[in-house]
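Here the structure is laid out as structure tokens; the discussion comes afterwards.
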Amino acid sequence: MNKLRKRKAGIRTFFKGKHGRNFLLALDVLLAVAFFAKPDLYYNPEAPKFFDRFYADSLIICGGLWVALVFLTVKKIHFSAEVNKILTYIAGIATPFMAFLWLEFYNDAQFWVPIFSIPFLYLILDIIVYYVIYVLFLLLFNSIRGASICMIIVTAVFGIFNYELTLFRSMSFIASDIYSFVTAVSVANTYQLQVDVDTAEFFMMALVLVALLLKLDKEKLFKWKGRIIYTLVSCMIFTGFTQVYVYSDYLENIGVDFRVYRPQYKYRYYGTLLTTMRTFGYLHVTQPEDYSVSAVKKITKQYTDSNSTESTESTETKKPNIIAIMNESFADLKEVGDLQVSQDYMPFFRKLKENTIKGYTYSSVFGGNTANSEFEFMTGNTLAFLPDNSVPYQLFLRSKTAGLTHTLKNQGYSPCYALHPFYKTGYSRYKVYPLMGFDKFYTSDNFSVFTDTVNYHITDSEDYKKLISLYENRTDKDKPFYLFNVTMQNHGSYDGSTLETGDDVQIEGDLQSYSKAEQYLNMIKMSDNALKELVHYFEKVDEPTVIVFFGDHQPDLEEDFYNKLLHTDIQKLEGEELEKLYKVPFLIWANYDIKEENVERTSNNYLSTYLAEVAGIKKTGYLEYLTKLREEIPAINAIGYWDKNGKFYEVDDKKSPYYELIHQYNLLEYNNLFGKDDQQKEFFYIKN
């Protein structure tokens with residue numbers, strides 16, 4: 001009796017059959033239609049001659065890859081077992097190296113350039129990363145074909161992601177971005193995916209390579225005993241790899257440094273994955289040289305002794321309300337370069353002088369990582385001593401964190417409010433704010449669905465209305481009011497449209513074609529008007545009130561715009577010249593008499609010391625220390641610092657006459673953040 005053979009069902013069986021091939025062919029046709037539906041990939045209408053309007057390289061490369069894809073879709077190819085095995089092993093040896101060349105080509109370097117431009121040692125170290133990743137894929141799939149396909153797909157996804165990320169924020173992927181994933185997803189809807197010729201070619205190449213690999217028959221690499229041995233070997237390889245590339249100082253010792261200000265320059269010099277691996281090493285905070293609890297106590301002793309004395313301030317005098325506003329991307333581009341505009345975009349800010357301290361503060365971030373600016377302001381710490389571009393909110397804050405909020409809370413400010421008109425998950429604020437002392441956190445969930453927005457974000461005007469509402473409706477009006485506000489209106493990306501912002505501010509001169517910058521300036525005009533409304537409201541309030549207002553960083557506009565604004569290639573900026581991209585305005589205003597002052601330069605870590613002096617609040621030992629330190633070093637950020645005479649130094653310059661002061665600051669900050677049970681609490685906190 002003959003047994004009926006059952007047909008195998010499944011995805012692979014479907015695609016091997018006629019219907020599967022027809023389905024793939026239909027997808028190929030849709031791919032061609034999508035390409036021709038986006039004419040900027042192959043056509044330039046501004047070229048004077050008709051045939052010059054077409055991008056021949058784009059049409060030839062994408063067209064050739066498309067033909068190859070169609071051929072591989074409809075053509076059945078069978079190899080003998082011996083040939084299949086040979087081709088499989090060739091694919092196994094070649095795939096990681098091809099992935100290296102392919103990714104570097106996509107990162108704006110022709111495939112032959114890395115071999116000659118990357119120093120030989122770095123070249124070898126970069127290629128090793130690809131092969132180690134491939135070893136893990138072999139462990140996962142137990143198949144050279146499966147590992148090779150996975151390698152191609154992962155390379156394609158990472159390459160396109162990194163490319164788009166660089167376009168979005170002018171900075172490539174770094175390890176700490178993993179911890180910002182939730183924040184990135186929350187703002188992803190405000191960005192527009194940009195598909196250019198390079199991306200189209202890269203994507204098509206990925207499809208062709210996968211189609212080629214699928215023509216090979218799958219062969220298991222190891223049986224179960226061999227797989228156990230391979231697992232042990234793979235673990236040893238991966239352990240040794242991470243020890244050398246991440247935890248040891250080997251890469252640093254051979255000169256693989258990394259600056260986050262424009263990391264794509266390093267990506268091209270060292271290679272993409274080697275640079276990426278180098279950034280993982282910056283997630284670990286190294287204990288400062290000569291750090292010890294006794295060394296910290298020696299510095300803090302004079303401040304803790306004074307902090308232990310009773311305050312002479314009258315308990316009958318009500319402390320002023322304090323409102324701290326970090327305004328998203330609020331910057332004065334005229335301070336960066338020679339910008340010509342039709343009218344001033346921050347007239348109120350410039351005219352506000354009475355009972356006002358104002359000037360410019362230097363942020364440690366450019367175009368993003370907003371949370372780092374608020375971290376410096378809230379804690380008095382500086383990013384100068386932390387890993388490049390790390391986000392302390394997500395990496396280091398796991399327990400009660402000393403700072404301004406606890407200082408105010410211990411002096412009667414209650415409840416302590418935080419306001420951010422966006423998602424609570426951004427930079428893990430919903431976890432961090434309670435650790436910093438905040439009692440209540442208001443987000444976009446607390447705004448009406450009819451709230452005014454600009455570029456998908458709640459406006460500063462609506463934000464300040466909510467702030468005023470919280471002030472007016474607080475339950476305990478006998479206690480001073482404190483609120484920290486991170487606005488959202490000016491957040492990128494910018495699409496160049498002024499329909500929502502108006503076009504009162506127009507760029508003139510050589511930069512007038514930059515519509516995104518023009519949109520941004522009109523947003524700043526809106527922020528300036530909102531600030532005016534807020535100040536006018538609290539001018540009429542009987543209770544003493546202090547407002548501290550500062551920008552978190554400069555906007556992420558086109559790199560070419562900044563190049564022309566500064567008349568130089570910003571990729572080549574170093575030291576003090578680079579600081580022009582980190583300069584943002586600040587002011588401290590009170591509705592009562594205070595001494596007016598213009599501050600030429602300061603930094604976010606010192607703003608709370610100015611605030612404490614204006615508001616008359618008692619300082620912690622740390623605030624006293626920072627007040628004294630700013631007399632010698634008036635501004636410090638992740639790039640460097642200025643001394644009292646205006647001379648600039650790199651943070652790690654051991655020849656600087658201020659190096660010992662900087663080192664002491666580093667010891668204190670390390671004890672503050674990572675001291676755990678050895679933290680000098682009497683120095684960083686005030687007793688209730």
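Given the structure is predicted, the values throughout are model-derived calculations rather than measurements. Just so you know, residue 1 is the first one in the sequence shown, and it goes up from there.
A side-chain donor-acceptor contact under 3.5 Å links T609 and R630. Donor-acceptor pairing under 3.5 Å is lacking for the side chains of D556 and S493. Between the side chains of T620 and Y303, no donor-acceptor pair of N or O atoms lies under 3.5 Å. For the 3.5 Å distance criterion, the side chains of D678 and N671 fail to qualify, holding no donor opposite an acceptor. For W642 and E579, the side-chain atoms include no donor-acceptor pair closer than 3.5 Å. For the residue pair K619 and T627, a side-chain donor N or O sits within less than 3.5 Å of a side-chain acceptor on the partner. Between the side chains of N372 and Y393, not a single donor N or O lies within less than 3.5 Å of an accepting N or O.
No donor-acceptor pair closer than 3.5 Å links the side chain of D653 to the backbone N or O of E650. Within the 3.5 Å criterion, the main-chain N or O of T382 finds no donor-acceptor partner in the side chain of N637. The backbone N or O of L435 sits less than 3.5 Å from a side-chain atom of H406, completing a donor-acceptor pair. Distance alone, capped at 3.5 Å, places no donor-acceptor pair between the N598 side chain and the G359 backbone. Between the T487 side chain and the Q489 main chain, no donor and acceptor come within less than 3.5 Å of each other. Remark: the backbone N or O of A635 is not paired with any side-chain donor or acceptor of S603 at under 3.5 angstrom. Formation of a donor-acceptor pair under 3.5 Å by the E600 side chain with backbone atoms of G646 is not found in this model. Using a distance-only test at 3.5 Å, with no hydrogens or angles considered, no donor-acceptor pair links the side chain of N605 to the main chain of E376. Looking at S248, its side chain never comes within 3.5 Å of a backbone N or O of V246 through a donor-acceptor pair. Using a distance-only test at 3.5 Å, with no hydrogens or angles considered, a donor-acceptor pair links the side chain of S373 to the main chain of D552.
Cation-pi geometry between K583 and Y362 is not satisfied (NZ or CZ under 6.0 Å from the ring centre, within 45° of the ring normal). Both the sub-6.0 Å distance and the 45° axial angle are satisfied by K358 relative to the ring of F349. In this structure, R429 forms no cation-pi arrangement with Y423, as its terminal cationic atom is not both closer than 6.0 Å to the ring centre and no more than 45° off the ring axis.
The two residues P387 and V285 make their nearest non-hydrogen contact at CD-CG2, 3.7 Å. Scanning both residues, I254 and Y122, for their nearest heavy atoms gives O-OH, 2.7 Å. Shortest non-hydrogen contact noted between A331 and P555 is CB-CD, 4.0 Å. When all heavy atoms are compared, the tightest approach of K618 to T407 is O-CG2, 3.7 Å. Scanning all heavy atoms of the two residues, the minimum distance from K676 to K681 falls at O-NZ, 3.9 Å. When every heavy atom of I617 is checked against every heavy atom of I322, the shortest pair comes out as CG2-CD1, 4.4 Å.
For the pairing with Y482, the side-chain hydrogen bond (donor to acceptor under 3.5 Å, both in side chains) check across N321, D439, T405 returns one residue only, T405. Evaluated for a side-chain hydrogen bond (donor to acceptor under 3.5 Å, both in side chains) with Y622, the options T300, N672, N381 yield exactly one hit, N381.
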What's the verdict on ring pair (Phe, Tyr, Trp, His ring centres under 6.0 Å) for Y665 and F385, showing C-alpha distance, side-chain angles and the deciding distance?
CA-CA 9 Å; Y665 189 8; F385 308 131; 5.3 Å; yes
Can S329 and Q554 be said to form a side chain to side chain donor-acceptor pair (under 3.5 Å), step by step?
CA-CA 5 Å; S329 297; Q554 290 188 23; over 6 Å; no
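Taking the six-membered ring for Trp and thresholds of 30 and 60 degrees, Y417 and F481 have ring planes inclined between 30 and 60 degrees apart. Between F550 and F377, the angle of the ring planes lies from 30° to 60°, which puts this pair in the tilted group.
No more than 12 heavy atoms of other residues, nucleotides or ligands sit less than 6.0 Å from atom OH of Y247. The local environment of CZ in F238 is sparse, with at most 12 non-hydrogen atoms from other residues, nucleotides or ligands closer than 6.0 Å.
Applying the side-chain contact (heavy atoms from CB on, under 4.5 Å) criterion to E289, with sequence neighbours excluded, gives K654, H663. Applying the side-chain contact (heavy atoms from CB on, under 4.5 Å) test to D126 and every residue at least two apart in sequence or in another chain returns F100, E104, Y130, L273, L274.
With a 4.5 Å cut-off on side-chain heavy atoms, Y413 and L404 do not count as touching. Contact annotation: the side chain of L668 approaches that of I299 to within less than 4.5 Å [non-hydrogen atoms, C-beta and beyond].
Between F330 and F549, the ring center distance clears the sub-6.0 Å criterion. Checked against the 6.0 Å centroid criterion, the rings of F422 and H457 qualify as a close aromatic pair.
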